[in-house]
Amino acid sequence: MNKRSFQFLLALMVMASMLLAACAPAATPAPVKTEAPVVTEAPAKTEAPVVTEAPVVTEAPAAPEVTEAPVAPEEPAAPEFNWRQFEGQKITVFLSETPMAVAIRSNLQDFIDKTGIDVEYLVVAENEYWNKLTIDLSSGAGQFNVFMSGPTLNWGYAAADQIQPLDPYMADPTITPADWDESDFYPWALDSNRWDMTPGPVGLGKGSLWAMPVNAVNNLVTYRKDVFEQLGLTVPDTWDEWAETARAIKEKTGGEFEGKPFYSVAQRGALDTTTLSGPFYSGLFSYGGRDFHDDLSPAINDPQSVAFQTLYMDTIKETGSPEWPNMMWFDVQQGFTSGQFAMVFDVGDFVPTFEGEGSAVAGKLGYARPPAGPDGKRYSSAWTWGFSMNSKTTGDQAKASWLFIAWASSADSMVSFAKTGSWPTRVSVWNSPEVTEFANQFGNGEFRAVFDKVLAEDVAWLVAPMTEASAVEQPWVKALQDYFYGKGSMQQLMDQVAEEMTQILKDSGTLQ
């Protein structure tokens, strides 16, 4: 090949190389290691690697190495309850002489042994009880840490800041046993001790719990079955029949039985607000009367209220004891136990005494539900005895006081208390084998059967809640005594009392 041909061929090869180089993909320049690349804006999307679908995994990725099971965070330990956490504390308990007070005294050593708390207690008759308690609370002395109380009393004490709500203690698991069980109480028993301080029925069952109910106090007719059989009488089912039966007893006995003075009916009558307690209110409301209207204007002088009170008082005047104006509840209990009366409408708490050792009427009694009114209504006006805590009691002494209340209101305690006639506020206790057996012994099971119906169908809270409850009841009781002594017609007397009540409520601001 001559020189000229060689040069031509070499030129062709160079041109072909250049053409191939132009068609090949450009090589990525190697990164400069001396400094990081400077990015002034986001790289174009076309240059970013695009993933259109998940990468194919031909085998499962290796699981992270676990050497032991993961440990869950520890939950805080539940607060522990300890009956002896306030050992050595001292509290004072104030008791009114009632079946519940007898039960507390009989079982108090159990609480002391269980807790190591030093308990000093004072028990007095009911008429003295209210005076001593009023002095302690109104003076702010705080002598009584825990004391017996009930709904109508709580209203004034709560409004005056003399007692404290029990809800915070009840909700604290460190001072309330896990098995204490609030849901076990009869709803009406707790509701009657709750009040939000709104005058009238609308506020009852709401707000704070001002006393822990321990003793359920409900009403029934207790009568001398032997006397009724001998005289050919049947137990009254209505209030009109109650009055007719009382007069028949008086006529047939001439006021004497087995050589002793004998009276048809035993009812409370002392110049004390307990005269206007469960038995009286049960009859008043059953007959269609009431204490106050919903707007808190007095209803005691309404036609049905006057009709019942006339029936009630005329029957007592004509067939009852001349000592009626002096009879407290314990006089009624003792008088009937001694055999002086044919029938009594009062609380079931008296029954173990009526049927107890040494009673002149034990084994001779029958039982019946509260008498019905003209339209068939039948009420047992509820009451509960329980415990309130003085607002001056604070700190560990308050917690020790709550332990006493928790003990007294426990199911185990109520089972023991029932043997004195302190019937329980807990459903489980009333239905327990021990209490069922105890209650069934009275009247060959008749008492238990009747009281079951009372609890299921008749119990209701009837009294209008207000802080002035005691103030408005005092002139009312006085008017009933005035009627007994012939100082006016029932309508006249109740009209006068209604005016007094209205003025009391206006002076306090409850009525405008």
Side-chain angles (χ1 to χ4, degrees), residues 89-98 100-101 104-105 117 119-170 192-199 203-204 207-215 217 271-274 276-277 328-329 383-406 408-409 463-474 477 504-505 507-510:
Q89 276 288 331
K90 294 182 179 180
I91 64 172
T92 300
V93 177
F94 192 31
L95 305 171
S96 172
E97 187 62 270
T98 62
M100 190 181 91
I104 294 293
R105 295 202 312 272
I117 294 171
V119 181
E120 179 179 334
Y121 73 88
L122 176 64
V123 56
V124 298
E126 190 165 346
N127 51 354
E128 183 183 357
Y129 180 81
W130 305 123
N131 292 332
K132 285 185 175 292
L133 183 59
T134 299
I135 292 171
D136 182 64
L137 294 177
S138 60
S139 68
Q143 176 185 356
F144 307 124
N145 305 116
V146 175
F147 54 88
M148 285 175 57
S149 188
T152 56
L153 310 166
N154 299 339
W155 302 333
Y157 301 154
D161 197 26
Q162 294 169 343
I163 57 177
Q164 53 183 300
L166 299 180
D167 305 89
Y169 300 98
M170 187 167 54
S192 63
N193 285 280
R194 287 194 182 280
W195 189 45
D196 66 2
M197 301 194 192
T198 303
L204 194 67
S208 299
L209 185 70
W210 299 105
M212 181 59 64
V214 175
N215 173 206
V217 184
L271 197 60
D272 183 276
T273 56
T274 56
L276 298 180
S277 57
M328 293 283 287
W329 69 262
W383 171 263
T384 66
W385 273 118
F387 286 105
S388 293
M389 193 188 304
N390 199 314
S391 60
K392 299 298 182 183
T393 302
T394 59
D396 284 350
Q397 191 177 47
K399 293 180 179 180
S401 297
W402 167 253
L403 284 190
F404 173 83
I405 295 174
S409 58
V463 183
M466 60 180 68
T467 59
E468 306 86 356
S470 178
V472 299
E473 286 181 338
Q474 289 171 2
V477 176
I504 290 170
L505 296 181
D507 291 345
S508 67
T510 297

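Residue I104 comes nearest to A408 through the heavy atom pair CD1-CB, 4.2 Å, listed as atom of the first residue, atom of the second, then distance. Of all heavy-atom pairs spanning A464 and W155, the tightest one is O-CZ3, 3.6 Å. Nearest approach of E473 to T273, heavy atoms of both residues: OE1-CB, 3.5 Å. The two atoms that bring A101 and L95 nearest to each other are CB-CB, 4.0 Å, heavy atoms only. Shown here for S192 and L204, the closest heavy-atom pair between the two residues is O-CD1, 3.9 Å. Nearest heavy-atom pair, W385 versus E126, reported as atom, atom and distance to 0.1 Å: CZ2-OE2, 4.2 Å.
For the atom pair CD of Q89 and OG of S401, the computed distance is 8.5 Å after rounding to the nearest 0.5 Å. The CG atom of N215 lies 12.5 Å from the OG atom of S409; values are rounded to the nearest 0.5 Å. To the nearest 0.5 Å, the span separating CH2 on W130 from CG on L153 amounts to 4.0 Å. Put simply, CG on L166 and OG on S208 are 9.0 Å apart, with the number rounded to the nearest 0.5 Å.
Taking the side chain as every heavy atom from C-beta outward, F387 and V93 approach each other to under 4.5 Å. In this structure the side chain of Y157 reaches within 4.5 angstrom of the side chain of L133, judged on heavy atoms. Contact check for V477 versus L276: side-chain heavy atoms found under the 4.5 Å cut-off. With a 4.5 Å cut-off on side-chain heavy atoms, D396 and K399 count as touching. In this structure the side chain of M389 never reaches within 4.5 angstrom of the side chain of F404, judged on heavy atoms. With contacts defined as side-chain heavy-atom distances shorter than 4.5 Å, the pair L137/N390 qualifies.
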> Going through the checks in order, is the side chain to side chain contact (heavy atoms under 4.5 Å, CB included) test met by T467 and W195?
Replying inline: CA-CA 11 Å; T467 59; W195 189 45; 3.8 Å; yes
>> Could you walk me through whether S96 and T98 satisfy the side chain to side chain donor-acceptor pair (under 3.5 Å) test, starting with their C-alpha distance in whole Å, then the side-chain angles of each, then the deciding distance to 0.1 Å, before giving a yes or no?
In response: CA-CA 6 Å; S96 172; T98 62; 5.5 Å; no
> Yes or no on side chain to side chain contact (heavy atoms under 4.5 Å, CB included) for M170 and I405, after CA distance, side-chain angles and deciding distance?
Replying inline: CA-CA 10 Å; M170 187 167 54; I405 295 174; over 6 Å; no
>> Between N154 and S149, is the side chain to side chain donor-acceptor pair (under 3.5 Å) condition met? List the steps.
In response: CA-CA 7 Å; N154 299 339; S149 188; 2.6 Å; yes
> Passes side chain to side chain contact (heavy atoms under 4.5 Å, CB included), M466 versus L505? Steps please.
Replying inline: CA-CA 9 Å; M466 60 180 68; L505 296 181; 3.7 Å; yes
>> Show, in sequence, the C-alpha distance, side-chain angles and deciding distance for E468 and T510, and conclude whether the side chain to side chain donor-acceptor pair (under 3.5 Å) test is met.
In response: CA-CA 9 Å; E468 306 86 356; T510 297; 2.6 Å; yes
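At distances below 3.5 Å, not a single donor-acceptor pair connects side-chain atoms of T384 with backbone N or O atoms of G386. At least one donor-acceptor pair under 3.5 Å links the side chain of D136 to the backbone N or O of Q143. In this structure, N193 contributes its side chain and W210 its backbone to no donor-acceptor pair below 3.5 Å. Although no hydrogens or angles enter the test, the distance criterion places a donor-acceptor pair under 3.5 Å between the side chain of S391 and the main chain of D161.
K90 pairs by the salt bridge (Lys or Arg N to Asp or Glu O under 4.0 Å) definition with nothing, not counting sequence neighbours. Residues satisfying the salt bridge (Lys or Arg N to Asp or Glu O under 4.0 Å) criterion with E97, sequence neighbours excluded, are R105. Judged as a salt bridge (Lys or Arg N to Asp or Glu O under 4.0 Å), and not counting sequence neighbours, E120 has no contacts. I135 is linked by a side chain to side chain contact (heavy atoms under 4.5 Å, CB included) to nothing, counting only residues two or more places apart in sequence or in another chain. Qualifying side chain to side chain contact (heavy atoms under 4.5 Å, CB included) partners for A160, counting only residues two or more places apart in sequence or in other chains: Q162. Listed by chain and residue number, R194 satisfy the salt bridge (Lys or Arg N to Asp or Glu O under 4.0 Å) test with D167 (two or more places apart in sequence, or in another chain).
Taking the six-membered ring where tryptophan is involved, the planes of F94 and F144 are essentially parallel, since the angle between them stays under 30° and well short of 60°.
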